[in-house]
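See structure below.
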Amino acid sequence: MHEVSIAQSLVEAVLREVESRGALKVVSVKTVVGGLTHIEPENLKFWYEEFVKATPLEGSRLVVDKRPVTVSCRQCQREFQVVGTSFVCPHCNVADVRVTSGDELILESIEVEE
Amino acid sequence: MKLSIGKNLEAAGKELAAGVRAALARQRVLALNLIGSPGCGKTAILEATLPVFTQHLSVTVLEGDIATTRDADRIEALGVPCVLLNTGGTCHLTIKLLVRALEELDLDQIDLLVIENVGNLVCPSTQDLGEDAKVAVLSLPEGDDKVLKYPRLFREASCVILNKIDLAQVLPFNRDRVTNDLEQIKHGLPVFALSATTGEGCQPWIDWVLGLYREKRGSLTRQGAPGRSLEQKEKE
C-alpha cells in the first residue's frame, strides 16, 4: 500500500550506503518486511525496479524476506504466531497481546560485486 | 560480497513521531487522531462534541484532506481554531506534514489537539503521528463486517466510535458481530455507539476523552510540572 514511498526511501538508502563505500556495483538488496506492515512484496519489487532506472543500482535484484507476525500474550506470557486476522491467544482465549515481531521494515544487506 | 546494513527504513518517521510525542507531553496537550472511511461522520462527530470540549478545554483541530476546505470550514463555523492540511493527493496525513503544522501552533495555548485524518480505513493506521490515541470511527451504513477486513486500524486504535446508530432500525447491522470481531483483535477496546446527528450516546465518548486529558495532565503534574487542574480550568 505504501510501496511507492517505501521503494523510494529504500533506493535512496541503498544509494547512500554504496556511495559512502566507493560506488560499488550492487547485485542484490535484501529487505526484511513484517506481516503487519501491509507491504505487498511484488508491488515493492515493481516500484524498486522503477526507481533504480538510470541509477547505479539499475539491474540489481530486490529480495523481500517476509516475516510472520509473532505476539506475546499479556496474560500467560506465551508467544504465538498470528495466523489470519485473529490475535486471540490459543491458551487464554483472549486477544490481549504485545507484538514481538512483524512490524519490521529493514534494509538488511546489500550484495555487491567483489 | 555481502554488506550487512540493518537499517530501519522507517527510522526517520519514527524519530519525528517521538519528537512530536515529547513536545505534546511537555506542553500537556492531549492529541487524538480520528481515522475512518469517507462519510463515516468524523467531522459530524466533531461538530456534535467540540462545543462540549471547548467548555472545558482549549481545542485546536488539524483537518486532513486531499483537497478542498470543506471540512475545515465546518470546524471554523463552530468557532474552533482549525488548521487545514491538504495532502495534495496522499491518502493519509504524514508525520512530516504534521510536524510542519505544529511549527505554526503555540502548543502552550492548546489542551486538546484533534487530528482528523484523511477518510481511509487503511493507510492512516500505519502512520504514527505522535498522538496519544488513535480513534477508529466506523458507521452503520459501512456494514458490520469491516473490523476483520481492516484489522490494523482496530489493533492500533485506543477506542472505537460506532456512528449513525440512529439508522439501526433501517439497516441490517449486527452490532454483536462487531463486538465479537473486535475481541479477536484487541480485548477490551472501548466502543462508543452514538449518533452525531441526534446526539444520542455522545456523553460516554466525551467522558472518555476528558478522562484521558485528566490522566495526561495528572501524570505530568505529579512530576512537578506547573499547570492548572481540569477542575480549576472548569471554574475559570
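Every chain is numbered from 1 and lettered A, B, ... according to where its sequence line falls, protein lines coming before strand lines. Predicted, not measured: the structure shown is a model, and the values here were computed from it.
- S86(A) approaches Q184(B) most closely through the heavy-atom pair CB-OE1, 3.4 Å.
- Near-neighbour residues of residues 1-11 of chain B relative to chain A, defined by a heavy atom under 4.5 Å from a heavy atom of that chain, comprise M1(B), K2(B), L3(B), S4(B), I5(B), G6(B), K7(B), N8(B), L9(B), E10(B).
- Using a 4.5 Å cut-off between heavy atoms, N93(A) does not touch chain B at all.
- The environment of E79(A) atom CD is dense: over 12 non-hydrogen atoms of other residues, nucleotides or ligands sit within 6.0 angstrom.
- Of the residues considered (E111(A), E113(A), E12(A)), E111(A) shows the highest number of contacts with chain B, using heavy-atom pairs under 4.5 Å.
- Chain B forms more heavy-atom pairs under 4.5 Å with one residue of V97(A), V112(A), D96(A), L10(A) than with any other, namely V112(A).
- More than 12 heavy atoms of other residues, nucleotides or ligands sit less than 6.0 Å from atom NZ of K25(A).
- Residues of residues 140-161 of chain B that come within less than 4.5 angstrom of chain A, heavy atom to heavy atom, are L148(B), P151(B), R152(B), R155(B) in numerical order.
- Heavy atoms closer than 4.5 Å to chain B are found in the side chain of R21(A), but not in its backbone.
- The candidate from L105(A), V18(A), V88(A) with the greatest count of non-hydrogen atom pairs under 4.5 Å with chain B is L105(A).
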